[in-house]
Enquirer: 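Pasting a structure below so you can have a look.
Count residues from 1 along the sequence.
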Amino acid sequence: MNIHSLRILPVLAATLVAPVLASAEIAVKSGEKIAFLGDSITHGGWSNPAGYVRLVIAGLEANGIKAEPVPAGISGHKSDQMLARLNKDVLSKKPQWMTLSCGVNDVWHGPRGVPLDDVMAKSGTYDEKVATRGTYQKNITAIIDQATAAGVKPVMLTATVIHENLASKENGLLAPYNDFLRKLAKEKNVPMADLYAMFEERIKAENKPNVKVLTSDGVHMNAEGNKLMAVGVLKAFGLNEAELDKAKASWPALEVAAAEFAKKQAEARAKAAAEKAKSNPKK
């Protein structure tokens, strides 16, 4: 099957996506916990002072809602690993909400990745351990079902780009994974932030083929990518345009903190390199 034929045009895709929560009222309430389940993108969304997780929390607070974050992003993780640690890292913390960002590594890891379905698992593309990882469809459905059964309200995020070249092989492979997420969100009546669609629109509008507009390396977020992700999540939580403006007004302070954090990291790396060179002089 031609993987590109599984793409859904933006207009058609919109009909498959579960609607975001009603904007008449922000769904998250003060005192509630939000778990952020994901991979390195989500890990960076918390470890970076201006990462998307922190921007979401700050944006809610700017609108009078003090939510407690439960960071649950681990670098390199795929859908099977997130399912395996769901109880430990999310459900045991008893959050009211859980955002799910998963898919990039399932595709990006190639033979060590997670196939979309049983047919793909038998394609011969994957390594000998593929059966232990299950399939993306089964893993994601289990995550959503287990969270819902535990009283945790999921918010699904489509996977973001793998390289900012929208015509890349990886983005072609990622397309049916995101199509599945859109369909599942509609089926389960789960709110969704269609981040891939937002990234696609922004990258096309910028029209800078050789410039990283939203990522630092084609996958992990730069400042603009983090902000776009945060906007998508906040919209899924029901923020309207006026509330989003309040959220965005709170972000510059975090960006200043992020710049200072990056500066200190660079200084620490330079110091470590100098000490290493001093202790190991060239002969």
Side-chain angles (χ1 to χ4, degrees), residues 3-20 36-42 44-45 51-53 55-56 73 77-79 82 99-109 113-114 116-117 120 136-137 139-141 143-144 154-188 190-209 212-222 224-237:
I3 208 76
H4 293 283
S5 69
L6 295 175
R7 282 187 179 276
I8 295 179
L9 294 173
V11 173
L12 295 178
T15 67
L16 295 174
V17 180
V20 296
F36 294 85
L37 181 60
D39 50 31
S40 58
I41 293 171
T42 299
Y52 86 90
V53 173
L55 296 179
V56 167
H77 269 207
K78 300 181 282 284
S79 58
M82 293 187 203
T99 68
L100 174 61
S101 175
C102 180
V104 169
N105 291 324
D106 295 68
V107 171
W108 201 19
H109 286 191
V114 177
L116 177 66
D117 53 25
M120 192 178 286
Y136 186 77
Q137 290 185 352
N139 294 338
I140 296 297
T141 302
I143 290 172
I144 296 301
V155 175
M156 293 170 65
L157 283 56
T158 49
T160 48
V161 296
I162 304 176
H163 309 309
E164 293 195 31
N165 172 13
L166 298 173
S168 72
K169 174 185 176 182
E170 291 83 359
N171 283 323
L173 293 170
L174 185 63
Y177 287 71
N178 278 335
D179 289 345
F180 165 72
L181 293 178
R182 296 180 183 110
K183 293 175 184 177
L184 185 66
K186 183 180 180 182
E187 176 188 322
K188 301 289 186 181
V190 170
M192 163 169 278
D194 195 345
L195 299 182
Y196 189 94
M198 294 174 68
F199 273 56
E200 183 177 37
E201 180 181 13
R202 177 71 173 274
I203 290 168
K204 287 181 177 179
E206 293 281 351
N207 192 25
K208 298 175 181 177
K212 296 292 187 294
V213 174
L214 299 169
T215 68
S216 60
D217 57 4
V219 171
H220 300 94
M221 299 303 119
N222 62 17
E224 290 302 307
N226 275 305
K227 286 188 281 189
L228 193 57
M229 286 189 72
V231 167
V233 174
L234 289 170
K235 282 185 176 180
F237 280 135

Enquirer: Is any side-chain heavy atom of Ile140 closer than 4.5 Å to a side-chain heavy atom of Met82?
Expert: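 Result no, sub-4.5 Å side-chain heavy-atom pair not found.
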Enquirer: Thr160 versus Val104: any side-chain heavy-atom pair under 4.5 Å?
Expert: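 Yes, their side chains come closer than 4.5 Å.
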Enquirer: With no hydrogens and no angle check, do the side chains of Thr42 and Tyr52 hold a donor and an acceptor under 3.5 Å apart?
Expert: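 Tyr52 and Thr42 do have a side-chain donor-acceptor pair below 3.5 Å.
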Enquirer: Take Asp117 and Phe180, measure what side-chain contact (heavy atoms from CB on, under 4.5 Å) needs, and give me the verdict at the end.
Expert: CA-CA 10 Å; Asp117 53 25; Phe180 165 72; over 6 Å; no
Enquirer: Which heavy atom of Gly232 sits nearest a heavy atom of Ala193, and at what distance?
Expert: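 Closest approach of Gly232 to Ala193, heavy atoms only: O-CB, 3.4 Å.
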Enquirer: Checking Glu164 side chain against Leu214 main chain: does a donor-acceptor pair fall under 3.5 Å?
Expert: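 Yes, the answer is positive, given that a donor and an acceptor are paired below the 3.5 Å cut-off.
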Enquirer: Going by heavy atoms in the side chains, are Leu184 and Val190 under 4.5 Å from each other?
Expert: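 In short, these two side chains do not touch, never coming nearer than 4.5 Å.
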Enquirer: Is it true that, when you exclude Glu206 itself, more than 12 heavy atoms of the residues, nucleotides or ligands shown sit nearer than 6.0 Å to its CD?
Expert: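 It does: Glu206 CD has more than 12 such atoms within range.
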Enquirer: Does Thr158 use its side chain to pair, donor to acceptor, with the backbone of Ala197 at less than 3.5 Å?
Expert: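 Not at all, since once roles are kept as given, no pair shorter than 3.5 Å links the two residues.
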Enquirer: Backbone N or O of Leu116 within a donor-acceptor pair of the Asp106 side chain at under 3.5 Å?
Expert: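 It does not hold such a pair.
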Enquirer: Which distance, rounded to the nearest 0.5 Å, do you find between the OG1 of Thr141 and the NZ of Lys188?
Expert: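 Here the interatomic distance stands at 6.0 Å.
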Enquirer: Going by the side-chain contact (heavy atoms from CB on, under 4.5 Å) test, name the single residue among Asn226, Val219, Leu195 that passes it with Ile41.
Expert: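 The side-chain contact (heavy atoms from CB on, under 4.5 Å) with Ile41 is passed solely by Val219 among Asn226, Val219, Leu195.
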Enquirer: In Å, rounded to the nearest 0.5 Å, how long is the span from CG of Asn178 to CD of Glu200?
Expert: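 Here the interatomic distance stands at 10.0 Å.
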Enquirer: Measure across Cys102 and Leu181 and return the closest heavy-atom pair with its distance rounded to 0.1 Å.
Expert: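 Closest approach of Cys102 to Leu181: O-CD1, 4.2 Å.
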Enquirer: Distance check, rounded to the nearest 0.5 Å: Ser40 atom OG versus His77 atom NE2?
Expert: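 Reported value, rounded in 0.5 Å steps: 10.5 Å.
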Enquirer: Which heavy atom of Val114 sits nearest a heavy atom of Tyr177, and at what distance?
Expert: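 Residues Val114 and Tyr177, closest heavy atoms: O-OH, 2.7 Å.
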Enquirer: At what distance, to the nearest 0.5 angstrom, does CZ of Arg202 lie from NZ of Lys227?
Expert: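 If we round to the nearest 0.5 Å, Arg202:CZ and Lys227:NZ are 8.0 Å apart.
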Enquirer: Any heavy-atom pair between the side chains of Leu174 and Tyr196 that's under 4.5 Å?
Expert: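 In contact.
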Enquirer: Just how far is it from atom OG of Ser79 to atom CD1 of Ile143, taken to the nearest 0.5 Å?
Expert: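 So the gap between those two atoms works out to 6.5 Å.
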Enquirer: Do side-chain atoms of Asn105 reach the backbone of Lys78 as a donor and acceptor pair under 3.5 angstrom?
Expert: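 Such a contact is absent between Asn105 side chain and Lys78 backbone.
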Enquirer: Could you grab the distance from atom CE of Met221 to atom OG1 of Thr215, nearest 0.5 Å is fine?
Expert: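 If I round to the nearest 0.5 Å, the distance is 6.5 Å.
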Enquirer: Search all heavy atoms of Lys212 against all heavy atoms of Asn222 and return the closest pair with its distance.
Expert: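 In terms of heavy atoms, the two residues are closest at O-ND2, 3.7 Å.
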Enquirer: Does any part of the side chain of Arg182, heavy atoms only, come nearer than 4.5 Å to the side chain of Lys186, both counted from C-beta?
Expert: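 Sidechains of Arg182 and Lys186: no contact.
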